[in-house]
Amino acid sequence: MGVAPASASPTMTVAVHGVHTPHPWLDEVVAAHDLDEDLYSLAVKRALAYGWSTTLLGAGALDGERWGFADAGGDWSRDGKERRLAWLTGYPAVGLRSQLLPVLPMARVLADALARVGDLRFTRLATRLPLGLAPDARFALRSDADWYALSAPSAATRVTVETTPGEPVDPQELRALVTARAHRVLRVEDPEPVGEGGAVDPVGEGGPRRVVFTAVAPEWTVDAGAWITLVVSDALRALGARSTAEIEVGRVAPER
């Protein structure tokens, strides 16, 4: 049985960005059933349905609970603009042998919640991950690579990966490890010949540095965004990063 850490333990955040269009019948159904749902309530319901987490008072932690809820929210403005549509912050469970950080489960809960009330055009997955809680994921990622290799060739999509780890890492080593951890199913592209290798931006004087690179993903889905995030986080962990890292995976807009 996993143990949800106390509030003093590190949190992780997963956020889905994109454009959301509510179902045309949504307001009618909400009024007919006197519903008062928001992103938090939908995420809680979906997490419980999957058996990943619960906020039910008196229920205690679920056996095998993947995270404890801290907060969730989103921006459902009906203006057709790209927004931070849904985000979820939680306390990753500890004591679950070889379990990865629950990036995919949390992203899946958010995507399900958004799909329940409208149509999603997904553009970016942004995460904040405590790498000190991340196990060695190389064997799990081998299995994931086979899964995403079963994508239609026409689904291949260029993506931009940005990460700011708590400790500086060599961008070339990171790119090489990402390629290895993804078993070449994610095809990392050569950096542009600008700046310091075209792959690193300073964030602050003496502070961590942001690493940016592009790649070709086998598909562009919320699940694939979560997989790429885990590939990058495991590469960072293998390079010695142990503090909190920010990782963003976004679709490169097609040229018009």
Side-chain angles (χ1 to χ4, degrees), residues 11-50 52-55 66-91 101-129 155 157-164 201 203 210 212 214 217 219-230 232 244-256:
T11 60
M12 62 176 286
T13 298
V14 176
V16 173
H17 294 241
V19 179
H20 189 256
T21 305
H23 294 312
W25 43 261
L26 181 62
D27 291 340
E28 177 185 351
V29 170
V30 167
H33 294 274
D34 193 24
L35 299 175
D36 186 22
E37 301 289 351
D38 58 12
L39 191 284
Y40 185 86
S41 67
L42 290 173
V44 165
K45 288 177 173 63
R46 204 60 181 151
L48 177 59
Y50 282 122
W52 288 331
S53 187
T54 182
T55 61
R66 299 300 307 280
W67 73 85
F69 270 95
D71 202 1
D75 183 348
W76 294 359
S77 300
R78 302 187 182 191
D79 56 8
K81 296 181 179 180
E82 179 180 348
R83 295 187 177 276
R84 190 186 190 218
L85 297 172
W87 57 269
L88 172 58
T89 297
Y91 305 102
L101 290 175
V103 177
L104 176 56
M106 292 172 71
R108 186 73 262 146
V109 163
L110 296 177
D112 284 2
L114 291 168
R116 199 63 185 164
V117 295
D119 295 319
L120 168 65
R121 178 160 62 83
F122 172 53
T123 59
R124 183 157 47 106
L125 189 73
T127 57
R128 193 170 185 271
L129 307 178
T157 304
R158 290 188 73 232
V159 299
T160 298
V161 177
E162 303 182 24
T163 180
T164 306
D201 290 327
V203 172
R210 183 170 63 105
V212 184
T214 57
E219 65 183 53
W220 181 241
T221 59
V222 172
D223 287 17
W227 167 62
I228 296 169
T229 298
L230 286 170
V232 175
T244 298
E246 296 179 358
I247 302 172
E248 294 192 10
V249 182
R251 178 177 185 172
V252 176
E255 296 182 0
R256 295 183 178 181

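Hydrogens, waters and symmetry mates are skipped; everything else that's a heavy atom, side chains included, is used.
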Glu37 meets the salt bridge (charged side-chain N to carboxylate O under 4.0 Å, His left out) criterion, sequence neighbours left out, with Lys45
So CG of Leu230 and CG of Leu104: to nearest 0.5 Å the spacing works out to 7.5 Å
Asp38 meets the side chain to side chain donor-acceptor pair (under 3.5 Å) criterion, sequence neighbours left out, with Ser41
Contacts of Thr89 meeting side chain to side chain contact (heavy atoms under 4.5 Å, CB included) (sequence neighbours excluded), chain-then-number -> Thr11, Thr13, Ala70, Trp87
Sorted by chain and number, sequence neighbours left out, side chain to side chain contact (heavy atoms under 4.5 Å, CB included) with Asp34 holds for none
By ring pair (Phe, Tyr, Trp, His ring centres under 6.0 Å), Phe122 pairs with (sequence neighbours left out) Trp220
When rounded to the nearest 0.5 Å, the distance separating CD of Glu248 from CZ of Arg210 is 9.0 Å
In this structure, NE2 of His17 is separated from CZ of Arg121 (nearest 0.5 Å) by 14.0 Å
Residues pairing under side chain to side chain donor-acceptor pair (under 3.5 Å) where one sits in residues 20-29, two or more places apart or in two chains, turn out to be Asp27-Arg78
One should read off an interatomic distance between Trp227 CH2 and Thr221 OG1, to the nearest 0.5 angstrom, of 10.0 Å
Taken in chain and number order and not counting sequence neighbours, the residues that satisfy side chain to side chain donor-acceptor pair (under 3.5 Å) with Thr123 are Glu82
*Leu129 versus Ile247: any side-chain heavy-atom pair under 4.5 Å?*
yes
(Q) I'd like to check Val161 versus Thr214 (side-chain heavy atoms, cut-off strictly below 4.5 Å). Are they in contact? (A) no
Next item on the list: Side-chain contact test, heavy atoms from C-beta onward, threshold under 4.5 Å: evaluate it for Leu120 versus Val222 and give yes or no.
Entry: yes
Minimal heavy-atom distance between Val14 and Met106, with the atoms involved, is CG2-CB, 4.0 Å
Of Ile228, Val232, Thr127, the one forming a side chain to side chain contact (heavy atoms under 4.5 Å, CB included) with Val249 is Ile228
Residues Ala113 and Ala43: closest non-hydrogen pair is CB-N, 4.4 Å
request  = Using a 4.5 Å cut-off on heavy atoms from C-beta on, say whether the side chain of Trp52 contacts that of Val109.
outcome  = yes
Between Gly80 and Val19, the two heavy atoms sitting closest are O-CG1, 3.6 Å
By side chain to side chain contact (heavy atoms under 4.5 Å, CB included), Ala115 pairs with (sequence neighbours left out) none
All heavy atoms of Ser53 vs all of Gly68, minimum pair found to be OG-CA, 4.2 Å
_Minimum side-chain heavy-atom gap Tyr40-Phe69 below 4.5 Å_ = yes
Sorted by chain and residue number, the side chain to side chain donor-acceptor pair (under 3.5 Å) partners of Arg83 (sequence neighbours excluded) come out as Asp75, Asp79
So the side chain to side chain donor-acceptor pair (under 3.5 Å) pairs with at least one residue in residues 106-117 (sequence neighbours excluded) are Arg46-Asp112, Tyr50-Asp112, Arg108-Asp112, Arg108-Asp223
Whether Thr164 side chain and Glu162 backbone form a donor-acceptor pair below 3.5 Å: no
Is the shortest side-chain heavy-atom distance between Met12 and Pro102 below 4.5 Å? yes
By side chain to side chain donor-acceptor pair (under 3.5 Å), Glu246 pairs with (sequence neighbours left out) none
Closest non-hydrogen atoms of Gly74 and Leu39, given as atom of the first, atom of the second and distance, are N-CB, 4.4 Å
